[in-house]
Every structure is written in C-alpha cells, then in structure tokens.
Colleague: 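Can you read through this structure? Questions will come right after.
What you see is a predicted model; the values in this text were computed from it and never measured.
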2 protein chains.
Amino acid sequence: MDDDIIDKTVPEEEGYALDSRTVSAIMLAVAAGDSARLAALLEQLHPADIADLLEQVDSGRRREILLMGGRQFDGEVLSELAEGLREEVIAFLPPDVLAEAVRDLESDDVVDLIEDLEQPQQEAILDALEVADRVAVEQALGYPDYSAGRLMQREVVRAPEHWTVGETIDHLRAHKKSLPDQFYHVIVVDPGIRPVGYVTLGKLLASKRSVRLTALLEDSFRTIPVTQPESEVAYAFNQYHLISAPVVDEGGRLVGVITIDDAMNVLDEEHEEDILRLAGVGEESLTDNVLDIARGRFPWLVVNVVTAILASVVIAQFEEVIAQIVALAVLMPIVASMGGNAGTQSLTVAVRALATKNLTASNMWRVIRREALAGLLNGFAFAVIMGVVAVIWFGKPMIGVVIALAMVVTLMAAAVGGIVIPILLERLKVDPALASGPFVTTVTDIVGFFVFLGIATMVLL
Amino acid sequence: MDDDIIDKTVPEEEGYALDSRTVSAIMLAVAAGDSARLAALLEQLHPADIADLLEQVDSGRRREILLMGGRQFDGEVLSELAEGLREEVIAFLPPDVLAEAVRDLESDDVVDLIEDLEQPQQEAILDALEVADRVAVEQALGYPDYSAGRLMQREVVRAPEHWTVGETIDHLRAHKKSLPDQFYHVIVVDPGIRPVGYVTLGKLLASKRSVRLTALLEDSFRTIPVTQPESEVAYAFNQYHLISAPVVDEGGRLVGVITIDDAMNVLDEEHEEDILRLAGVGEESLTDNVLDIARGRFPWLVVNVVTAILASVVIAQFEEVIAQIVALAVLMPIVASMGGNAGTQSLTVAVRALATKNLTASNMWRVIRREALAGLLNGFAFAVIMGVVAVIWFGKPMIGVVIALAMVVTLMAAAVGGIVIPILLERLKVDPALASGPFVTTVTDIVGFFVFLGIATMVLL
C-alpha cells in the first residue's frame, strides 16, 4: 500500500517535473497529519522539486508542511526557493533547524541565499555558520551586487606550475576532505597565485604520473575579474562554452572559481527578466500576493495611459472629420493595432540582438535599412488587404485609399522605430528591454492616427 | 606596429565580446588584401567570435574574408554560425577545405551542423567524414528532431561495476587517445551496459587506487531516455543542476551522454524562441534578408488584422452614438490600449510560469483568482485616473463615468483572459507563447469596445 503510493511518485507523462500525483499524495499525508508518510514522500524528491512544491501550495499548507517536517530541513531547499518566499519559510523554521540547514550549504549558495534577506534574518544565518564560512560569506558580500565575486565559490583546486601529475594526484588524495563537491579543472598558478592555465581532470587522469602539469594545459584560457557583472560572466560561459573559469582580483591573483551551473542560473534569470520587462512586468513571481502583483504592474500601465492619452490628443485634433465620417472611428483602431504589433515585432528582434551582442556598430545601418524595407513590404501588403476590406465594407473608394496610405506609413514607422529606439536607449545606458515598448507604441500610435486622420481630412473633407 | 594592432584586440569596455576595434582592424586587413594580417587577427579570436564577425558583415565581405582565409578554416566556426548562414558559408568553401574543417568536429557537433542543411551539402559533409564518424552521425540523425539522441555525444567514458579506482585510471591512461575532449564523470555500468550510477572525476582522483567504484557513486543519478525532447532535457539540467547525464535506449542501455554545455545551448534557444514567439516573430535571425524578414512577420500581422477587424465590427455597431458624441472616438483607443497591455502583462507571466512548470493543476485556481483581483485593483485605479482626466477634458461627468466603468471591466477581463487563455492552449497542446497574444488581444479589444460603447449608448443617448 505504502509502496504503491511511493511508486506513483515516479514522474510519468510530465517527464522530470514534480507531477500532480506526487503533489496529491503529499497533500493527503499533510491532511491526515501523517508526518512519517510526508517524510517518506519528500525523501523521494530533489530539493529543487520540494522548493517548487512549497511555491505551488498556499501559505497555510506551506506552514503545515514545514511544521510537520519537524527537525529535518534540507538547506538546499532554501537555496532553490523563489526569493519572495525565502523570508516566509525562514520565519517558519525553528532557529536550530535553520542553523543546521544552512551549515550544509557551500559558501556561494549561502551568499545567494542571504544577499536579499532583511538584516535580522541575515544575522541569524551568519551566526549559524562556522567562523571560516562566515568570514568567506561576509567577504563575498563585500563585492558589488550581481558581480562575479558574489557568484564564485571560494573553494578552489589549484596547483603550482612545477608540479607533475603524480604530485597533483597525491595532493588531492591528501586533501580529500576539503575538496569542493564538484570541480572540473585544476588551476595552475604561478608563485604569486596568478592563474597561468588549467588542466582538465580527464587529462590528469589519463596521463602518466611523471608528466608535468604545464604539458597538459588547455589552449584557451580565460580569467574573470572579480568585479565583472554577472551578465557578462554568463555571456562568456555561453559564448565560449566554458565549464569553469578562475576569478581573479585586480592584482590578477586567484580568488575563486565560477562553474557553468552558476552561469546557467544567471542566464536563466536574465532571460526571465528580459521577457517580463518586454511585457512591462517587474520582478514578479507566482508567489507574490495580489497587492504586490497589482503594484508591480501599475507603473507600466501608468506609462501606457500617458502615451494613450497623447494618442487621443492627436485624435481630438480631427474631431470634425470623425463626426462627419464615422467609418474613420471604426477603422482607426486597426491602424493603431497593426502599428503596435509591427513595432513590437521589430523591437523584440532588436532587443534580443542587442542582448546577445549581435547588433553592433558594424551592422547597425544595414539592419536598420533591412527593417525599413521589410516594414515597407508588409506595409504595401496590408495596404492592399485593408484597402479592399474598407472599400467593400463602406462602399467608398476614398476610404480605402486613406487606410491603405496609413498602413504603408504606419508599418514603416513601426519597423524603423522598433529598431532605432532600442539602439538609442542602449547608447543612453537605459535597458532597451524595459523602456522600448512604451516609446515604440507612442511613435506608432501618434504616427498612425496622425497619418490616417490627416490624410482623411485632406482627401475626404 | 603589428603588435600594436594585435594588442588592441584585447577586449576592453565591452568585456568579452568581439569589440569594434578588432572588427575595424579586420576590415582594414580585408580591404588591403593583406591575408597574413587577416590570419593573425583571426588567430586571436575564439571560433564563436569569428562566427559572430561573419554574421555581422554583409555577404560580400563575408565572401572576401572566407576566400582570403584560403586553406585554413576552423570547423568550429561553422558550428557556431547562425543556421541561416551555414549554407552560404559552406557554399563558399572549397570542398577539400570543408572536408578538413568538419573532420575535426565531435560527432554531436556534426549532427547539429548538418541536420538542417539541404541534401547535397549534407552528403558533401558526410562524405568528408571517416567511416566510423559517418556511421555515428547517420545513427544520430535516425533519432527524432530535437530529441536527446540528436543532442548527445556518443563518446562515453564508462566502467564496469567491479572495477577499482586503480583499474579505471589504468584504463583511461591506456585509452588516452580515444577519450572525449571534455568529460566529467565515469559512468558505472552493469554487464548489460545499463548505467547504475556515476563517479565524478574529482572523487576518482582523490581516492586510493584500491577503492571500488561502487563505493564512490554519487547519491543522485538520473538517466535520460534517448527519445526525450531536448526541452525536457534542458529543464532537467537546469532544475537538478546536472553537469552530464547518461542517455539510455528503451532497454536502459547506455548509448551516449549529454553535457551541460549542450543543455545550456538548448535552454538559450528555447528562451530566444519564447521571446520571439510572444512578439509574433517566427524563427528570425539578424542575417535574414528583407524578404525573409517580411515573410516571417506577415502571418502574425494577418492574424492581428483579422482580430482588429473583429474589434472594428464591434465599434461599427455603435456608429450612432459615436456620431453624436465624438469624444467617444477620442477615448476609445485608450480603452483598447490599456486592455491590450494589461493582457500582455498577465499572459507573459502565465506563459513563463507554464514554461518553467511553476503553474500547475495544484495552484491554477489560486493563480487565476489572484490575477483577477490584481486586475480589479488596477481597474479601479485607472477608473479613477481616466474618469478624472475625461471629466476635466470633456467637461461632461457622464463621459467620466462611462470610461471609468469600461476601465474596471476591461482590465479585469485582460487579467483573467491573460491567464486562462495560455492555460487552455497548453491543455490543447498548442504552444501558449505562440498563440496567446492574438487571442488575448481579441478578448480585450472586443470586451473593451463593447463595454465602453455599450455603456455610453445606455447612459448618454
């Protein structure tokens, strides 16, 4: 019976994710107050999945699960938890359980865990650490937010240049206890502890004991300055397929190492941020409460209402023609909608190209020209489509001509605005993902309404 | 002099990316026909940067760079190149240069390179490979597109369960030549070549020769079915912080291994695809020509024009009231714009939560309720703002009341539509990133115009 339920926790259709059967089984155990069953079910899950589970249930259930867990709580679950929930979960945990949990974490995970916590919780966790770990964490917190220094782990496996494979292996065996959980390279350093290269563990294993490390160094070798922004670090890992890279201080001395899994995390967060920013959503998570959600979305809606009012002011200049030809009011939103969408298409491409460093001074003009031409082509296509629709619908050829002309100009303005505005924002050091949308929409709305109603006034009145 | 220029190729401000000075120096060398200088400059660059360079220059320059490169061409540059450019570059390369270039690649890179090429170019590359590699590549191409089988490398380092650390190291030393360039684990297999666990190279190095491999196995261990979609693979690497994972066939036999850098690539591509799809852009790259760009964006604009016409049909039902009160035509676009943007906000959050498996059956209703309430809150806020603006602008209190009511209903509909539509699409196995936008906009436009003009008709006529 017990086995039966545990068996069902093996993910099926959904692949690797926490599946709904497991969640139901856990909820049943919580409702029944069966903490042994709960412990057995949680035991099967990876800490990342337990964190997901805690994120998906409501606050009351979360509390029950944590309280029933009793003395046992895996520190990694805290690391995996959405930032918005960490404070709540930490507050639920008895101080000694929390202390026990964080003591198992690597120093870079502790840094990641506590950097956004409030002072008292930060203190509580720092106090729980052993002195050496505490010093390491406090040093890391001394580096700027979102820098390589925050991301790196300080446990480094290094060897002097003159060592052989045999000496290195003997050293590793002698220091087995203090080695990091995961490491992929031995970093070779000069007498000033400056990295000169690295040897992969594969080469070390496959070479004879008498071979010198310097004979096994990899060709390509990059170090990361400790103050480099984490977005640059992630870019470098992705672009150059790095697995791990040594981090150095201003003097070029080795102070830590960043591994690809940390870089992958950063890349994932940056993408998330880009997508949300493009949609005008701040740092939002599914665990936020109603007020936080509403508050987070409010600013962009305010920007949008201002640009929409600007567009309305343009329309108001043409009240006379609209009053006489109501068909214009009927067709107007089509111009705005097509302009807005075409603008979003090209600004999204531009924002991505800027983020991946594919849009640079060397190809900028070519890209702008290509966008303008593509906008013109689609402008002509939709001029024909909407021209025909308008003529059939309203039976007046001139209305067809007016909307056709408006389509060409608006789609071309959308294409050019969609690429030029992000480039300008990037030059002004404003994040194009965040700010391009409102600017581009303002341009397409104003150009669209002005051209459509302006041409209508000239042609139809 | 020479040194001076090469010195400047060291990236400065821009961090790790190909910087504009390097590009200028390369362009100068190309213009001067100085192939020695060009070779020296390219020598300094990582293949990924050379690929970026080729992507950023125009087709004529690309040809010059490739022709001046002469006999030398690094196969990795092909791997790193945007898919849209591979065919062009391959066509520029003399057959023997191409053959030499691809022979240096690992089998998984060759698979990635040729899977999207036309038949003749595919053949040319397959013919250039040694027989064993050719067989490996053809087998990989037998697996479904975007599956683990396409992604994995077939070179695997494995050891039987009964081996000791010493035996494993001796085996690695004896087979040094045939080891993969990068590997991080030794996969321990049973007599049927089914993986039973893995040992990290770090543990192998730090343990005594007499220790059995089975004593060093890591706790957590996941295998990946060879037919699993690559998106699931990337999810698992990201969620469980995997570095490499064995790939098994239906019989559970080890057939390959996927490493984190491949998973990171997939994750990056998926994100890119999500962002572009949300904006209604197909698989577009900066290297596409004008026609491809226009054609790629056309379909979504067609969908959009249809939904915009639907919205116009709603407006047309209210021609009478608009003709009498032109202020309605002036304010109408504000309702549509606010609804569209609020809808985009909540659909983007929903699409991301679905993609990261954070929005599931267990929290769906809670999330929908929270969205609806947040929409209602912002609806009230903008009801007040727009109500006041409209009264001041037009001097008629009833117009303020009409737009205020329209704001509440529209923003609430946007919030609910933005979450419910992606969930429904996901259930129907339609990619929510691709299809949510048009549906949500249609809902917000129709609801917005209907409510605004409908209430106006009741209240003002």
Colleague: Assign the ring pair His241(B) / His46(A) to parallel, tilted or perpendicular, where the plane angle (0 to 90°) is split at 30° and 60°.
Modeller: tilted
Colleague: Less than 4.5 Å to any heavy atom of chain A: does that hold for the side chain of Leu267(B), its backbone, both, or neither?
Modeller: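 Contact with chain A is through the side chain of Leu267(B) alone.
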Colleague: One pair to check against side-chain hydrogen bond (donor to acceptor under 3.5 Å, both in side chains): Asp268(A) and His271(B). What are the steps and the verdict?
Modeller: CA-CA 8 Å; Asp268(A) 200 41; His271(B) 276 293; 2.9 Å; yes
Colleague: Going by distance alone, is a donor N or O of one side chain under 3.5 Å from an acceptor N or O of the other, for Asn304(A) and Ser337(B)?
Modeller: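 Asn304(A) vs Ser337(B): donor-acceptor pair found between side chains.
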Colleague: Checking Ala316(B) against chain A: side chain, backbone, both or neither under 4.5 Å from a heavy atom?
Modeller: both
Colleague: So what's closer than 4.5 Å to chain A heavy atoms on Ile169(B): side chain, backbone, both or neither?
Modeller: both
Colleague: Side-chain contact, heavy-atom cut-off 4.5 Å: Ser362(A) with Val57(B)?
Modeller: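 No - every pair of side-chain heavy atoms lies 4.5 Å or more apart.
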Colleague: Between Ile325(A) and chain B, which part of the residue has a heavy atom less than 4.5 Å away: side chain, backbone, both or neither?
Modeller: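 Contact with chain B involves no heavy atom of Ile325(A) at all.
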Colleague: Let me know if Phe380(A) has heavy atoms under 4.5 Å from chain B in its side chain, its backbone, both or neither.
Modeller: neither
Colleague: Side chain, backbone, both or neither: which part of Arg209(B) has a heavy atom under 4.5 Å from chain A?
Modeller: both
Colleague: Which one wins on heavy-atom pair count under 4.5 Å against chain A: Leu172(B), Val281(B), Ile260(B)?
Modeller: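 If we count pairs closer than 4.5 Å to chain A, Ile260(B) comes out on top.
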Colleague: Given heavy-atom pairs under 4.5 angstrom as the criterion, report whether the side chain, backbone, both or neither of Ala342(A) touches chain B.
Modeller: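 For Ala342(A), backbone and side chain are both near chain B.
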Colleague: Under 4.5 Å, counting heavy-atom pairs only, tell me which of Leu373(A), Asn341(A), Asn363(A) racks up the most with chain B.
Modeller: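 Option with the top pair count is Asn341(A).
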Colleague: Let me know if Met338(B) has heavy atoms under 4.5 Å from chain A in its side chain, its backbone, both or neither.
Modeller: both
Colleague: Check this for me: Gln317(A), atom CD, are more than 12 non-hydrogen atoms of other residues, nucleotides or ligands nearer than 6.0 Å?
Modeller: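 Count over threshold, so yes.
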Colleague: State whether Arg366(B) and Glu371(B) are salt-bridged, where the test is any N-O pair (Lys NZ or Arg NE/NH1/NH2 against Asp/Glu carboxylate O) under 4.0 Å.
Modeller: no
Colleague: For Asp292(B), is there an ion pair with Arg295(B) - N to carboxylate O distance below 4.0 angstrom?
Modeller: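 Judged by the 4.0 Å cut-off on N to carboxylate O distance, Arg295(B) and Asp292(B) do form a salt bridge.
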Colleague: Under 4.5 Å heavy-atom distance to chain B, tell me which part of Asp52(A) shows up: side chain, backbone, both or neither.
Modeller: side chain
Colleague: For each of Ala308(B), Ala206(B), Ala294(B), Ala374(B), tally heavy-atom pairs with chain A at distances under 4.5 Å, and name the one with the top tally.
Modeller: Ala206(B)
Colleague: Among Ile243(A), Leu204(A), Leu347(A), Leu179(A), which residue forms the greatest number of heavy-atom pairs with chain B at distances under 4.5 Å?
Modeller: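 Looking at each of Ile243(A), Leu204(A), Leu347(A), Leu179(A) in turn, Ile243(A) comes out on top.
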Colleague: If I measure from the heavy atoms of chain A, does Val389(B) come under 4.5 Å with its side chain, its backbone, both, or neither?
Modeller: side chain
Colleague: Using heavy-atom distances under 4.5 Å, tell me whether Val23(B) contacts chain A through its side chain, its backbone, both, or neither.
Modeller: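 For Val23(B), the contact with chain A is made by the side chain alone.
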Colleague: Out of Met332(B), Glu272(B), Met386(B), return the one with the most heavy atom pairs under 4.5 angstrom to chain A.
Modeller: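 Highest number of pairs under 4.5 Å: Glu272(B).
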Colleague: Considering only heavy atoms, which portion of Thr200(B) lies under 4.5 Å from any heavy atom of chain A: side chain, backbone, both, or neither?
Modeller: side chain
Colleague: Side chain, backbone, both or neither: which part of Ala323(B) has a heavy atom under 4.5 Å from chain A?
Modeller: both
Colleague: Give, as side chain, backbone, both or neither, the part of Phe382(B) having an atom under 4.5 angstrom from any heavy atom of chain A.
Modeller: side chain
Colleague: Using a 4.5 angstrom heavy-atom cutoff, name the option from Val367(B), Leu278(B), Ile309(B) with the most pairs to chain A.
Modeller: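 Option with the greatest count: Ile309(B).
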Colleague: Measuring only between side-chain heavy atoms, which start at C-beta, is Tyr235(A) closer than 4.5 Å to Thr356(A)?
Modeller: no
Colleague: Less than 4.5 Å apart, side chain to side chain, heavy atoms only: is that true for Arg173(B) and Thr168(B)?
Modeller: no
Colleague: Where on Val326(A) is there a heavy atom nearer than 4.5 Å to chain B: the side chain, the backbone, both, or neither?
Modeller: side chain
Colleague: Considering only heavy atoms, which portion of Glu218(A) lies under 4.5 Å from any heavy atom of chain B: side chain, backbone, both, or neither?
Modeller: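 It is neither, since no heavy atom gets under 4.5 Å.
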Colleague: Output yes when Lys357(A) and Glu232(A) qualify as a salt bridge under the 4.0 Å nitrogen-oxygen rule, no when they do not.
Modeller: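 Salt bridge flag = yes for Glu232(A) with Lys357(A).
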Colleague: Could you check if a side-chain atom of Phe318(B) sits within less than 4.5 angstrom of a side-chain atom of Leu328(B), using non-hydrogen atoms only?
Modeller: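 Heavy-atom side-chain distance check fails, nothing below 4.5 Å.
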Colleague: Chain B heavy atoms under 4.5 Å from Leu377(A): which part of the residue, side chain, backbone, both or neither?
Modeller: side chain
Colleague: Heavy-atom pairs under 4.5 Å with chain A: which of Arg369(B), Gln239(B), Glu319(B) has the most?
Modeller: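 Heavy-atom pairs under 4.5 Å are most numerous for Gln239(B).
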Colleague: Check each atom of Ser346(A) against the heavy atoms of chain B and say whether the ones under 4.5 Å are side chain, backbone, both or neither.
Modeller: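 Ser346(A) touches chain B through backbone and side-chain heavy atoms alike.
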Colleague: By a 4.5 Å heavy-atom criterion (distance strictly below it), what part of Gln182(A) contacts chain B: side chain, backbone, both, or neither?
Modeller: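 Just the side chain, heavy atoms under 4.5 Å.
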Colleague: Please state whether the side chain, the backbone, both or neither of Thr344(A) comes within less than 4.5 Å of a heavy atom of chain B.
Modeller: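 For Thr344(A), heavy atoms of backbone and side chain both lie under 4.5 Å from chain B.
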Colleague: I'd like to check Val349(B) versus Arg297(A) (side-chain heavy atoms, cut-off strictly below 4.5 Å). Are they in contact?
Modeller: yes
Colleague: Considering only heavy atoms and a distance below 4.5 Å, find which of Ile315(B), Ile334(B), Leu301(B), Asp261(B) pairs most often with chain A.
Modeller: Leu301(B)
Colleague: So which part of Leu53(B) gets closer than 4.5 Å to some heavy atom of chain A, the side chain, the backbone, both or neither?
Modeller: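 Leu53(B) has no heavy atom closer than 4.5 Å to chain A.
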Colleague: Side chain from CB out, backbone as N, CA, C, O: work out which of these in Phe298(B) comes under 4.5 Å of a heavy atom of chain A, or both, or neither.
Modeller: both
Colleague: Under a 4.5 Å heavy-atom cut-off, does chain B meet the side chain of Met264(A), its backbone, both or neither?
Modeller: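 When you check distances to chain B, atoms from both the backbone and side chain of Met264(A) fall under 4.5 Å.
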Colleague: Answer with side chain, backbone, both or neither: which region of Val313(B) has an atom nearer than 4.5 Å to a non-hydrogen atom of chain A?
Modeller: both
Colleague: Chain A heavy atoms under 4.5 Å from Met364(B): which part of the residue, side chain, backbone, both or neither?
Modeller: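 For Met364(B), neither part sits under 4.5 Å from chain A.
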Colleague: For chain B, which of Phe449(A), Phe183(A), Phe237(A), Trp393(A) has the most heavy-atom pairs under 4.5 Å?
Modeller: Trp393(A)
